[in-house]
Amino acid sequence: MLKDKIQQLAEVFFEETVSIRRHLHQFPELSFAEYQTAAFVKQKLDDLGIPYESMAGTGIVALIHGDQPTGKVLALRADMDALPIQEVEGRSYGSQNAGVMHACGHDVHTSSLLGVAAILQSLKAEFGGTVKLIFQPGEERLPGGASLMIKEGVLQNPAPVGIIGQHVMPLIEAGKVGFRVGKYMASCDELFMTVKGRGGHGAHPHQNIDPIAIAAQIITALQQIVSRNADPRTPTVLSWGKIIGNGATNVIPESVYLEGTFRTFDENWRADAHKRLVKMAVGIAESMGATCDFEVRKGYPFLINETQITESSRAYAVEYLGADNVVELDVWPAAEDFSYYSQEINACFYRLGTGNKAAGITSAVHTPTFDIDEKALKTSIGLMAYMTIKQLGA
């Protein structure tokens, strides 16, 4: 049976996948600077005899052709970049690049896709069609490596009928995976605002135009856009993460600078909200004698899992892992540039459980203590290989 063969190969390639993951974890590189990572991936593809080409700078696209006659193409995606985070000390495979860490599991995604490639290359006689392996740069930084690879033709020549990607999830125990049909992850826009008033002595506010008081009014008022303009059935988040008003106890500053994020799950509402945010902020500032510069830096769109490819992938996961190891996901207001693919072709983005509460492996992504239970890699490479062959044969 196909399942038995893949499970055996997942066992065979497990240790190598762990070794690859640890190497990548030791030598993380920031977005769009994944030079050593890309070279390492290319060497592994050479070792497997899989042809590839470079794309979008450090990106790589490789092809595996099954021996059976069919023209179906399926894409698999892994991201390669790390984050500007200093990892905790004491790990034998800890980051050797100061201030850079694979704190979002992209080392898991890349090593897993190489493990999947090894399995599929060993089973070429078992399937037909083509598997397009996408090793993508720059997921963590706008404009997102996915958007650049799409512009350079990653979804063409040959064009895949669908794309599958995975992401680590420490909230789910290793050995399990999670799926959700439909809208899953939010769009993500960055907000930059400067309120300019007239500074002066804090004892004479009537002689000044206080940008701190005005910024406070704006912050409060903009939440009305979320609570009174957004459809309550459409999740919407507006958060401010940075406020700088560089005065003193008795000094009203000249200006206040703010940075924030806006996230939602509807592209029409997203565009409308951008206009409302700017209009309200500028209007409040002007009504109080100040000015407001408001920039909306548009980020990733929302991520949608197409029904057919996601439901079938979930069914294959149940076949491979058993129903008890496949869970239903809730909407997740974080963002991922895999969303660009999901806006172009049928996509399935699922979660790979990497946690182990008993072993204390529970830290969230984007933290210095993030780690995984590496037995998840065996689940990862076997399941994705199984889903790929089943999808190509469907």
Side-chain angles (χ1 to χ4, degrees), residues 17 20-45 52-62 75-87 93-117 133-152 154 163-170 185 188 190 261 297 299-301 303 332 334-342 349 351-352 354 363-372 377 380:
T17 305
I20 291 172
R21 182 257 167 172
R22 292 190 173 195
H23 173 87
L24 294 172
H25 195 87
Q26 285 182 291
F27 302 101
E29 296 175 293
L30 294 175
S31 303
F32 303 112
E34 307 92 343
Y35 304 111
Q36 291 184 21
T37 303
F40 180 81
V41 170
K42 289 176 181 178
Q43 181 59 59
K44 292 299 179 182
L45 292 172
Y52 58 83
E53 61 179 284
S54 296
M55 184 175 288
T58 49
I60 303 162
V61 183
L76 308 177
R77 175 270 203 168
D79 38 12
M80 301 187 293
D81 54 328
L83 287 161
I85 292 176
Q86 180 64 47
E87 186 169 11
Y93 50 87
S95 172
Q96 296 186 22
N97 295 339
V100 185
M101 176 190 171
H102 270 298
C104 200
H106 297 186
D107 54 336
V108 176
H109 308 159
T110 298
S111 59
S112 291
L113 191 53
L114 286 170
V116 173
L133 308 172
I134 300 174
F135 295 91
Q136 180 207 299
E139 188 280 323
E140 298 286 357
R141 181 179 168 191
L142 295 180
S147 69
L148 301 182
M149 296 196 80
I150 290 170
K151 287 179 182 178
E152 293 192 17
V154 74
I163 185 168
I164 295 175
Q166 65 175 347
H167 198 293
V168 297
M169 174 62 88
M185 298 183 74
C188 178
E190 296 177 349
T261 183
R297 197 169 296 169
Y300 307 155
L303 192 157
W332 194 257
E336 234 282 356
D337 80 344
F338 186 86
S339 59
Y340 284 114
Y341 303 115
S342 80
F349 193 66
R351 291 286 180 166
L352 173 71
T354 55
S363 291
V365 295
H366 290 225
T367 65
T369 53
F370 172 74
D371 202 0
I372 70 160
L377 292 165
S380 175

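Computed from heavy atoms alone, side chains included, the values below leave out hydrogens, waters and symmetry copies. None of the values given here were measured: they were computed from a predicted structure.
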Trainee: Any non-hydrogen side-chain atom of Asp107 less than 4.5 Å from a side-chain atom of Pro28?
Mentor: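 No, their side chains stay 4.5 Å or more apart.
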
Trainee: Any heavy-atom pair between the side chains of Met149 and Arg77 that's under 4.5 Å?
Mentor: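 Result no, sub-4.5 Å side-chain heavy-atom pair not found.
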
Trainee: Search all heavy atoms of Ser342 against all heavy atoms of Leu303 and return the closest pair with its distance.
Mentor: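 Heavy-atom minimum between the residues: OG-CA, 3.7 Å.
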
Trainee: If you look at every heavy atom in Ser31 and Glu140, which pair is closest and at what distance?
Mentor: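 Closest approach of Ser31 to Glu140, heavy atoms only: OG-CB, 3.6 Å.
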
Trainee: For Pro301, does its backbone N or O pair with a side-chain atom of Ser339 as donor and acceptor, under 3.5 Å?
Mentor: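 Pair found, side chain donor or acceptor close to backbone of Pro301.
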
Trainee: Find out whether Phe27 and Val100 are in side-chain contact, i.e. whether some heavy atom of one side chain is under 4.5 Å from a heavy atom of the other.
Mentor: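 In short, these two side chains do not touch, never coming nearer than 4.5 Å.
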
Trainee: For the OG1 atom of Thr110 and the CG atom of Asp79, what is their distance to the nearest 0.5 Å?
Mentor: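 So the gap between those two atoms works out to 6.5 Å.
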
Trainee: I'd like to check the ring pair (Phe, Tyr, Trp, His ring centres under 6.0 Å) partners of Phe32; sequence neighbours left out, ordered by chain and number.
Mentor: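 Ring pair (Phe, Tyr, Trp, His ring centres under 6.0 Å) check on Phe32 returns nothing, list empty.
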
Trainee: Taking only residues two or more places apart in sequence, or in another chain, which ones meet Tyr52 in a side chain to side chain contact (heavy atoms under 4.5 Å, CB included)?
Mentor: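 Partners of Tyr52 by the side chain to side chain contact (heavy atoms under 4.5 Å, CB included) criterion, ordered by chain and then number, come out as Lys42, Leu45, Asp46, Ile60, Ala62.
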
Trainee: Who passes salt bridge (Lys or Arg N to Asp or Glu O under 4.0 Å) against Asp371, sequence neighbours left out?
Mentor: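 By the salt bridge (Lys or Arg N to Asp or Glu O under 4.0 Å) rule, Asp371 matches Arg21, Arg91.
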
Trainee: Using the side chain to side chain contact (heavy atoms under 4.5 Å, CB included) criterion, which residues pair with Ser380? Sequence neighbours excluded.
Mentor: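 Side chain to side chain contact (heavy atoms under 4.5 Å, CB included) list for Ser380, sorted by chain: Ser112, Gln166, Leu352.
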
Trainee: What distance separates Gln86 CD from Asn97 CG, expressed to the nearest 0.5 Å?
Mentor: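 Reported value, rounded in 0.5 Å steps: 10.0 Å.
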
Trainee: How would you list, by chain and number, every residue that makes a side chain to side chain contact (heavy atoms under 4.5 Å, CB included) with Pro368, sequence neighbours excluded?
Mentor: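 Residues passing side chain to side chain contact (heavy atoms under 4.5 Å, CB included) with Pro368: Ile85, Val88.
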
Trainee: Can you tell me how far OG1 of Thr354 sits from NE2 of His167, rounded to the nearest 0.5 angstrom?
Mentor: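 Here the interatomic distance stands at 9.5 Å.
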
Trainee: Checking the side chain of Glu87 only, and the main-chain atoms of Ser95 only, is there a donor and an acceptor separated by less than 3.5 Å?
Mentor: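 Pair found, side chain donor or acceptor close to backbone of Ser95.
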
Trainee: Run the ring pair (Phe, Tyr, Trp, His ring centres under 6.0 Å) test against His366 and tell me which residues pass, sequence neighbours left out.
Mentor: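 Scan of His366 (ring pair (Phe, Tyr, Trp, His ring centres under 6.0 Å), adjacent residues dropped) gives none.
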
Trainee: Can you find a heavy atom in the side chain of Glu139 that is under 4.5 Å from one in the side chain of Tyr300?
Mentor: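 SC-SC contact between Glu139 and Tyr300 confirmed.
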
Trainee: Minimum heavy-atom separation for Leu30 and Leu83, please, with both atom names.
Mentor: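 Looking at all heavy atoms of both residues, the shortest contact is CD2-C, 3.6 Å.
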
Trainee: Going by heavy atoms in the side chains, are Val168 and Phe370 under 4.5 Å from each other?
Mentor: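 Val168 vs Phe370: side chains touch.
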
Trainee: For side chain to side chain contact (heavy atoms under 4.5 Å, CB included), just list the numbers for Glu34 and Phe135, CA-CA rounded to whole Å, side-chain angles, deciding distance to a tenth of an Å, and then say yes or no.
Mentor: CA-CA 11 Å; Glu34 307 92 343; Phe135 295 91; over 6 Å; no

Trainee: For Ile163 and Phe338, run side chain to side chain contact (heavy atoms under 4.5 Å, CB included): C-alpha distance rounded to whole Å, both residues' side-chain angles, the deciding distance at 0.1 Å, then the answer.
Mentor: CA-CA 10 Å; Ile163 185 168; Phe338 186 86; 3.8 Å; yes

Trainee: Evaluate the criterion side-chain hydrogen bond (donor to acceptor under 3.5 Å, both in side chains) for residue pair Glu29 and Thr37; output intermediate values, then yes/no.
Mentor: CA-CA 7 Å; Glu29 296 175 293; Thr37 303; 2.7 Å; yes

Trainee: Got a donor-acceptor contact below 3.5 angstrom from the Ser147 side chain to the Pro143 backbone?
Mentor: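 Looks like yes, one N/O pair under 3.5 Å.
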
Trainee: How far does CD of Gln26 sit from NE2 of His102, to the nearest 0.5 angstrom?
Mentor: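 Reported to 0.5 Å precision, the distance equals 11.0 Å.
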
Trainee: Please name the pair of heavy atoms, one in Pro137 and one in Thr58, separated by the smallest distance, quoted to 0.1 Å.
Mentor: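 Closest approach of Pro137 to Thr58, heavy atoms only: CB-OG1, 3.1 Å.
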
Trainee: Please report the shortest heavy-atom distance between Gly138 and Asp337, naming the atom on each side.
Mentor: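 Result for this residue pair: O-OD2, 4.0 Å.
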
Trainee: Could you state the interatomic distance from CZ (Phe349) to CE (Met185), rounded to the nearest 0.5 Å?
Mentor: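 So the gap between those two atoms works out to 6.0 Å.
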
Trainee: Taking the side chain as C-beta and beyond, is there a heavy-atom pair between Gln136 and Val154 under 4.5 Å?
Mentor: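 Gln136 does not reach Val154 side chain to side chain.
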
Trainee: Hey, what do you get for CD1 (Ile20) to CG (Leu114), rounding to the nearest 0.5 Å?
Mentor: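 Answer for the CD1-CG pair, Ile20 versus Leu114, is 5.0 Å.
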
Trainee: Taking all atoms of both residues into account, what is the closest heavy-atom pair of Leu24 and Ser111, and its distance?
Mentor: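 It is CD1-N, 4.0 Å.
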
